[in-house]
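Report on one structure; see the data block that follows.
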Amino acid sequence: MIRWLQQEDGEGRFNSRFFRNDERGDEFIVYANSDDSDFMENAEKCVDSFNNLSELVINEICQKLIGCAQEVDGLDEEFELPALHSPFDILNYCWFMVLYVDMESVGDEIAYAVEGEGEWGENIGFVIKNDSVIYVGVDYLDYMKNAH
């Protein structure tokens with residue numbers, strides 16, 4: 001459930017069931033385009049989807065985050081990804097803070113981008129559409145159709 005802070009701006013907060021924010025634990029910010037009459041319902045659908053991602057989808061996100069951390073070209077030259085026991089361990093080296101709703105109307109497919117940062121010094125994010133991973137990497141906002 002979203003706690004709307006600035007409803008006229010489409011900004012609210014919610015608690016994540018799995019991913020973590022480095023500053024606020026499990027509290028995330030959600031942004032939705034408040035020009036759309038269905039923005040609150042769309043945001044709730046996206047948050048519900050985010051909080052109910054399957055282990056398989058989360059594993060895919062983690063595998064791709066590992067790839068991003070390994071491919072980094074020196075933003076934080078001192079960072080070296082240690083050996084991981086599980087793909088989920090990558091989440092010890094990155095965190096997420098914001099969910100951007102990428103829907104214009106209630107009938108749209110559930111779509112959103114999640115923004116965060118890796119200890120390797122890059123903004124990082126992922127895009128989900130209908131509970132499938134569309135993209136993981138630094139250009140996540142480029143994959144949004146309804147950016148606001």
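Atoms considered below: every heavy atom in the structure, side chains included; atoms not considered: hydrogens, waters and symmetry mates. Residue numbers start at 1 and run along the sequence shown.
No side-chain donor-acceptor contact under 3.5 Å links D48 to the backbone of E44. Listed for the N130 side chain is no donor-acceptor partner under 3.5 Å among the backbone atoms of S132.
Taking CG of N123 as the start and CD of E117 as the end, the distance is 5.5 Å to the nearest 0.5 Å. The distance from the CE atom of M40 to the CD1 atom of I2 is 8.0 Å, given to the nearest 0.5 Å. For the atom pair NZ of K45 and CG of D38, the computed distance is 8.0 Å after rounding to the nearest 0.5 Å. Expressed to the nearest 0.5 Å, how far CG of N52 lies from CZ of F18 amounts to 13.0 Å. Atom CD of Q63 and atom SG of C68 lie 12.0 Å apart (nearest 0.5 Å). Interatomic distance, CE of M1 versus CZ of R13, reported as 15.5 Å (0.5 Å rounding).
Within a 6.0 Å radius of CD in E8, other residues, nucleotides and ligands contribute more than 12 heavy atoms.
Defined by atom type and a distance below 3.5 Å, a donor-acceptor pair is missing between the side-chain atoms of S86 and D89. There is no side-chain donor-acceptor pair under 3.5 Å between R20 and N92. In this model, no donor atom of one side chain and acceptor atom of the other lie less than 3.5 Å apart for N21 and S16. Counting only N and O atoms by type, the side chains of N15 and E27 include no donor and acceptor under 3.5 Å apart.
For the ring-ring contact (aromatic ring centres under 6.0 Å, His included) with F19, the qualifying choice from F88, F50, F28, F14 is F50, the only one to do so. None of L91, V136, L84 except one satisfies the side chain to side chain contact (heavy atoms under 4.5 Å, CB included) rule with C62; the exception is L91. With M144 as the partner, the side chain to side chain contact (heavy atoms under 4.5 Å, CB included) test is satisfied by one option alone out of V101, I134, D102: D102. Test Y135, Y140, F96, Y100 against F126 for ring-ring contact (aromatic ring centres under 6.0 Å, His included) and you get one pass: F96.
E115 has its side chain within reach of L141: a pair of non-hydrogen atoms, C-beta onward, lies under 4.5 Å apart. Under the 4.5 Å side-chain criterion, counting only non-hydrogen atoms from C-beta, V114 is not in contact with I128. Annotation: side chain of C46 is in contact with side chain of M103 (closest heavy-atom distance under 4.5 Å). By the 4.5 Å heavy-atom criterion applied to side chains, E60 and E55 are not counted as neighbours. Residues D108 and N42 have side chains not in contact (no heavy-atom distance under 4.5 Å, counting atoms from C-beta outward). With a 4.5 Å cut-off on side-chain heavy atoms, K64 and V133 count as touching.
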Worked verdict on S49 versus D131 for side-chain hydrogen bond (donor to acceptor under 3.5 Å, both in side chains)
CA-CA 7 Å; S49 168; D131 298 323; 2.7 Å; yes

What verdict does the side-chain contact (heavy atoms from CB on, under 4.5 Å) test give for K145 and K129, after you've listed the backbone C-alpha separation in whole Å, the side-chain angles of each residue and the deciding distance to 0.1 Å?
CA-CA 11 Å; K145 292 180 181 177; K129 187 171 186 177; 3.4 Å; yes

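Nearest heavy-atom pair across W120 and C94 is CH2-CB, 4.0 Å. Between V138 and I124, the shortest heavy-atom contact is N-CD1, 4.3 Å. Of all heavy-atom pairs spanning S34 and G10, the tightest one is CB-N, 3.7 Å.
Hydrophobic clustering of Ile, Leu, Val, Met, Phe, Trp and Tyr side chains at less than 4.5 Å, counting indirect connections, keeps V30 apart from L5.
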